[in-house]
Protein chains: 2
Amino acid sequence: MKNKVVVVDDHTLLLEAIGGLVRDFENFEVLYLCKNGQELLEKLKFPKNIPDIVLMDINMPLLNGIETTKALNEKYPQIKVIALSVEENEKTILKMLRAGAKGYLMKDTKKEILKEALNQVVEKGYYHTNTISKLLIGSLTKDETAVQLKEREVEFIEHACTEMTYKEIAEKMFLSPKTIEGYRDSIYEKLNLKNRIGLVLYAIRNGLFTP
Amino acid sequence: MKNKVVVVDDHTLLLEAIGGLVRDFENFEVLYLCKNGQELLEKLKFPKNIPDIVLMDINMPLLNGIETTKALNEKYPQIKVIALSVEENEKTILKMLRAGAKGYLMKDTKKEILKEALNQVVEKGYYHTNTISKLLIGSLTKDETAVQLKEREVEFIEHACTEMTYKEIAEKMFLSPKTIEGYRDSIYEKLNLKNRIGLVLYAIRNGLFTP
DNA sequence: GAAAAAAAGGGGTAAAACCCCCATGCATTT
DNA sequence: AAATGCATGGGGGTTTTACCCCTTTTTTTC
């Protein structure tokens with residue numbers, strides 16, 4: 001019995017191409033392909049559509065890789081997710097692993113490594129490269145969870161990533177400029193930032209804002 | 001006689017996967033795969049390695065797609081380049097077309113479209129989707145070339161994409177703060193920006209700075 | 001229901017950013 | 001020789017940010 005694989009990626013070309021690669025591996029078969037997380041969750045409502053492994057991109061519209069992985073881990077814990085991404089961003093990788101991904105592959109992976117990863121996930125239940133393992137060890141020492149942004153603060157950060165002044169942002173969010181300054185100050189403290197430029201860079205690097 | 005295709009992309013998985021797709025098309029064969037522009041130029045030194053079509057990614061280390069395409073157009077004008085990218089950035093697309101690319105495909109393209117593009121490039125010498133055609137028409141009216149940043153201004157912009165104050169940037173560039181302000185003001189005018197946030201976003205969106 | 005935490009708003013000061021308009025020196029062009 | 005372009009630096013002003021420390025109101029928690 002071949003292991004059933006589903007590939008999820010919004011870039012159709014990449015999606016079909018990776019599907020093609022997996023189809024070439026002897027002990028794997030491609031069940032179907034999805035363009036985003038929402039499409040996958042729809043499909044999974046039918047038991048015949050439940051795969052053994054999901055190869056999942058992280059940056060997707062509608063429902064991204066992290067949220068989708070979380071959902072899968074709750075509803076279908078038997079499905080093993082391997083993240084697939086060009087993102088080398090440490091925090092993103094960690095978020096994905098926390099969401100329950102069993103492996104993480106950079107997109108500059110060789111065909112053989114993909115096969116190896118698929119096989120290891122089937123046999124051992126996980127696949128981690130050296131890079132990822134080191135990251136995991138590092139994450140134990142750092143207290144990442146301490147930084148928790150409020151809903152309204154995230155909203156403010158998105159507005160801060162434009163040419164608007166704080167006064168204008170305040171108007172847009174129906175708040176006093178002073179409240180906005182309050183948000184800013186508490187964010188600066190939490191994230192150890194010096195000025196708005198730093199905030200913008202933080203937002204971009206952590207996916208809160210896409211330029 | 002099959003048309004010879006070379007794929008250039010730094011993401012190995014994508015590289016191999018696209019190679020696989022092209023291999024499946026009847027009238028095309030994959031000569032070889034490259035991880036960046038430099039590797040391609042090395043290969044081309046041997047006449048037997050000269051393909052009919054190059055499928056080229058834009059963002060690559062060592063020698064990016066735009067520079068590589070320029071080089072190809074000078075030395076091997078018979079080779080037709082099709083750009084392949086996730087970038088939807090207008091300016092990047094235009095740069096690539098100006099460099100001499102005969103076609104431009106987003107990575108969310110279907111397998112059939114890729115085949116269609118390859119065939120059209122062989123037959124007509126070019127392949128442009130509606131989106132690209134509209135862009136081309138638009139570019140004729142706008143005088144994009146007017147905006148020309150000086151060497152030193154670009155250097156300043158890179159520093160502006162950090163938490164440094166202008167005073168600190170001035171020290172780092174061995175200039176008076178007033179000179180820095182001069183750079184800033186002329187850049188704001190040229191690029192129609194309101195403040196430093198806008199500058200940072202411009203820099204990121206146009207590849208002057210990678211966060 | 002009281003205590004604690006958070007969200008929202010405020011005052012004041014100093015620094016940074018922004019915006020004009022101007023001067024010098026130096027190379028290239030005409 | 002005059003003109004142009006450009007890099008560099010400056011004066012003096014306003015606006016916007018940053019950074020203090022503080023109060024009131026709402027929400028959460030025990």
Side-chain angles (χ1 to χ4, degrees), chain A residues 143-211, chain B residues 91 142-211:
Chain A
D143 192 338
E144 294 279 349
T145 49
V147 179
Q148 190 76 318
L149 292 171
K150 314 286 170 215
E151 201 62 27
R152 210 71 171 141
E153 286 175 343
V154 172
E155 207 177 313
F156 156 70
I157 290 179
E158 284 160 15
H159 285 113
C161 294
T162 71
E163 287 191 333
M164 279 191 282
T165 65
Y166 290 135
K167 209 196 282 183
E168 288 166 343
I169 295 173
E171 278 171 32
K172 203 144 219 172
M173 289 178 69
F174 304 106
L175 292 172
S176 144
K178 276 298 179 180
T179 307
I180 292 297
E181 290 193 30
Y183 288 166
R184 179 199 59 194
D185 292 348
S186 80
I187 292 170
Y188 280 8
E189 226 224 303
K190 277 194 248 185
L191 304 177
N192 212 266
L193 302 172
K194 279 191 181 58
N195 52 40
R196 196 165 152 182
I197 306 298
L199 178 58
V200 171
L201 295 176
Y202 174 89
I204 292 170
R205 290 200 254 253
N206 289 277
L208 270 69
F209 177 79
T210 312
Chain B
K91 282 179 190 165
K142 277 181 249 165
D143 193 348
E144 291 282 346
T145 49
V147 179
Q148 192 77 316
L149 292 171
K150 315 286 171 210
E151 202 64 27
R152 208 75 169 138
E153 286 175 344
V154 173
E155 207 177 313
F156 157 70
I157 291 179
E158 284 161 14
H159 284 115
C161 293
T162 70
E163 287 191 333
M164 278 190 284
T165 65
Y166 290 136
K167 210 197 284 183
E168 288 166 344
I169 295 173
E171 279 171 31
K172 203 144 218 172
M173 289 178 69
F174 303 107
L175 291 171
S176 143
K178 276 296 178 180
T179 307
I180 292 297
E181 289 195 34
Y183 287 166
R184 180 201 57 197
D185 291 348
S186 79
I187 292 170
Y188 280 9
E189 227 225 302
K190 275 193 249 188
L191 303 178
N192 212 266
L193 301 171
K194 277 192 183 57
N195 53 41
R196 195 165 154 184
I197 306 299
L199 178 58
V200 171
L201 295 177
Y202 173 89
I204 292 170
R205 290 200 254 253
N206 289 277
L208 271 68
F209 176 78
T210 313

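Quick note on labels: first sequence line is chain A, next is B, and so on, each numbered from 1.
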Open item on the list: Go through it in stages, so that I can follow the logic: the residues are A/Arg184 and A/Tyr188, the test is side chain to side chain contact (heavy atoms under 4.5 Å, CB included), and I'd like the CA-CA distance, side-chain angles, deciding distance and then a yes or no.
Closed with: CA-CA 6 Å; A/Arg184 179 199 59 194; A/Tyr188 280 8; 3.5 Å; yes
Task: Any donor-acceptor N/O pair, B/Asn195 side chain to B/Gly198 backbone, under 3.5 Å - done: yes
Task: Candidates B/Glu181, B/Lys150, B/Glu153 - the one meeting side-chain hydrogen bond (donor to acceptor under 3.5 Å, both in side chains) with B/Ser186 - done: B/Glu153
Task: A/Arg152 CZ to D/dT27 P, straight-line distance once rounded to whole Å - done: 13 Å
- [ ] Using atom NZ of A/Lys190 as one end and atom C1' of D/dA18 as the other, report the distance to the nearest whole Å.
- [x] 18 Å
Open item on the list: Treating primed atoms plus P, OP1 and OP2 as sugar-phosphate and everything else as base, which nucleotides of nucleotides 9-18 of chain C get B, S or - for protein heavy atoms under 4.0 Å?
Closed with: BBBB---SSB
- [ ] Please confirm whether the backbone N or O of A/Ile197 pairs with a side-chain atom of B/Arg196, one donor and one acceptor, at under 3.5 Å?
- [x] no
- [ ] Round to the nearest Å and state the distance from B/Glu168 atom CD to D/dA18 atom C1'.
- [x] 14 Å
Task: Atom-pair distance (CD1 on A/Ile187; P on C/dA6), nearest Å - done: 15 Å
- [ ] Whole angstrom is fine here: how far is it from CD in A/Glu189 over to C1' in C/dA6?
- [x] 15 Å
Task: Whole-Å gap separating C1' (D/dA7) and CZ (B/Phe156) - done: 15 Å
Task: B/Glu168 side chain to B/Thr165 backbone, donor-acceptor under 3.5 Å - done: yes
Task: Sole residue of A/Leu199, A/Val200, A/Leu208 in side-chain contact (heavy atoms from CB on, under 4.5 Å) with A/Cys161 - done: A/Val200
